[in-house]
Amino acid sequence: MKEAYRVRGYAKELLTACEIWAKERGCSEFASDCELDDTESFYFHRAMNFLEANRIICFTKAL
């Protein structure tokens, strides 16, 4: 199902609307994230002019 919506510009359109909404409310920065191995999301963020700020590894421990 997801494939039917890829490469149609929907994500870019939604991001643009979110950025406009945030700017209208006085926000000066927009943040997002993706998993380290999600190259598709990584390249989308880069194409949308996001700058990489950090990379992290999250840990859990069962008690």
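With sequence neighbours excluded, no residue forms a side-chain hydrogen bond (donor to acceptor under 3.5 Å, both in side chains) with Arg25. With sequence neighbours excluded, no residue satisfies salt bridge (charged side-chain N to carboxylate O under 4.0 Å, His left out) with Glu29.
The stretch residues 44-63 participates, sequence neighbours left out, in these ring pair (Phe, Tyr, Trp, His ring centres under 6.0 Å) pairs: His45-Phe50. For residues 46-63, the salt bridge (charged side-chain N to carboxylate O under 4.0 Å, His left out) pairs, not counting sequence neighbours, are Glu52-Arg55. For residues 30-39, no residue pair satisfies the salt bridge (charged side-chain N to carboxylate O under 4.0 Å, His left out) rule, not counting sequence neighbours.
The hydrophobic cluster around Phe42 extends to Tyr43, counting ILVMFWY residues whose side-chain heavy atoms fall within less than 4.5 Å of a member.
Atom SG of Cys58 is separated from atom CG of Leu36 by 8.5 Å, given to the nearest 0.5 angstrom. Here the SG-CD distance, from Cys34 to Glu40, works out to 11.0 Å after rounding to the nearest 0.5 Å.
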Can you list, pair by pair, the side-chain donor-acceptor contacts under 3.5 Å of residues 7-23, counting residues two or more places apart and other chains?
{"unit_1": "Arg8", "atom_1": "NE", "unit_2": "Ala4", "atom_2": "O", "d": "2.8"}
{"unit_1": "Arg8", "atom_1": "NH2", "unit_2": "Ala4", "atom_2": "O", "d": "3.4"}
{"unit_1": "Thr16", "atom_1": "OG1", "unit_2": "Lys12", "atom_2": "O", "d": "2.9"}

